[in-house]
Amino acid sequence: MKLIAYVFSGTGNTRRVCEALLEEAKCHGVESEIYAVRKGETPPAPEGFDGVILGYPVHAFNAPAALLKFIKKMPKRKKGERLPVWLVRSSGEPLRLNDASGILPARRLKRRGYAVKGEFSYIMPYNIIFRHSDKMAARMWRANCNLIERDAQTLASGEGSRSRVGLLRRFVSFVLRIEHIAMPVLGKCFRANKKKCIGCGKCANVCPQGNIIMKDGKPKFGGSCVGCMGCAFSCPTDAIRTSLLNGWRVNGAYSFGGDPASDAEVCDYCKKAYLRFFHEAEKS
């Protein structure tokens, strides 16, 4: 079995879980190639592959606008030649509302002759809202690794399952889809703190949308932002200010290799949901 993976990832969290899944799947005889979804770049078409992986972070219980645009550009399949697709998503909290993020990708893929075979969900620490502790990040990664062992076998067998999404989840996802309209406007208002910015250009290099250019040694933000927060998260001096979202700004890479959080050390925010996710994953 040979798969091609297209991954949209701003801070690297989604890329990390996709790479781990495909590496584990290799142990079960799955060959794979992985490509970043970046504006202005055209990765190879899925011709000659047995299936497709689409990786993305959940944005406000939806797939990012950039991924949806990428799907619209995927080559159409001939009638009767549907190619299986597995959706791999990462989110900051283990809420079932995140399942609704697969609705639009599945719908658009079907129009182009692809069929969503299964969905895999993983939890990674926030790059917006608030910063998790490194212990929480380590607990998340340990749980993900357990899930990846199981999911890799499912992937290698060519099987999978779809998430069931009720009316309430669909409604919440639909309402919050306003982000797709709002982020290009908010993104234009992102700025770099002049005293902190060292003009390294890392924000421009990491942006998957090519939305940032360096002008006179400082970043200038355009109108293609999708809210991945790669710029603010990756800035070595925490210089990026994210407009109305600045109070939710998270900066700096997490450490996943330390001691995992105990149940008592799990954050109070969505604590029951995190504990349920951890306990279920750690059984597998």
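Heavy atoms only: backbone and side chains are in, while hydrogens, waters and symmetry mates are out.
Here the side chain of Asn98 pairs a donor or acceptor atom with the backbone of Leu95 at under 3.5 angstrom. Looking at Lys218, its side chain does come within 3.5 Å of a backbone N or O of Cys197 through a donor-acceptor pair. The backbone N or O of Ser157 lies less than 3.5 Å from no partner atom in the side chain of His28, so there is not a single donor-acceptor pair.
Between Phe8 and Phe70, the distance from one ring center to the other does not fall under 6.0 angstrom. Ring-centre distance between His132 and Phe130: below the 6.0 Å cut-off.
A side chain to side chain contact (heavy atoms under 4.5 Å, CB included) with Cys18 holds for exactly one of Leu54, Ile34, Ile148; it is Ile34.
Tyr56 and Leu22 are members of different hydrophobic clusters when ILVMFWY side chains are connected at heavy-atom separations under 4.5 Å. Note: the hydrophobic cluster containing Leu21 does not contain Val58 (ILVMFWY, side chain heavy atoms under 4.5 Å, direct or indirect links). Both Met140 and Ile129 belong to a common hydrophobic cluster when Ile, Leu, Val, Met, Phe, Trp and Tyr are linked at side-chain heavy-atom distances under 4.5 angstrom. Connection of Leu3 to Val88 is established within a shared hydrophobic cluster, with ILVMFWY side chains joined at heavy-atom distances below 4.5 Å, either directly or through further cluster members.
Both tests pass for Arg131 against the ring of Tyr254: distance under 6.0 Å to the centre and angle within 45° of the axis. The cationic atom of Arg16 (NZ for Lys, CZ for Arg) lies less than 6.0 Å from the six-membered ring centre of Phe256 and within 45° of the ring axis.
Lys26 and Glu23 are joined by a salt bridge, as a carboxylate oxygen and a charged side-chain nitrogen come within less than 4.0 angstrom of each other. A salt bridge is defined here as a Lys NZ or Arg NE, NH1 or NH2 lying under 4.0 Å from an Asp or Glu carboxylate O, and Glu81 with Lys76 fails to meet this definition. A salt bridge links Arg139 with Asp263: at least one charged nitrogen is closer than 4.0 Å to a carboxylate oxygen.
Atom-to-atom distance recorded for Ile212:CD1 and Cys225:SG is 7.5 Å, nearest 0.5 angstrom.
With hydrogens and angles left out, the side-chain atoms of Arg169 and Ser163 include no donor and acceptor closer than 3.5 Å.
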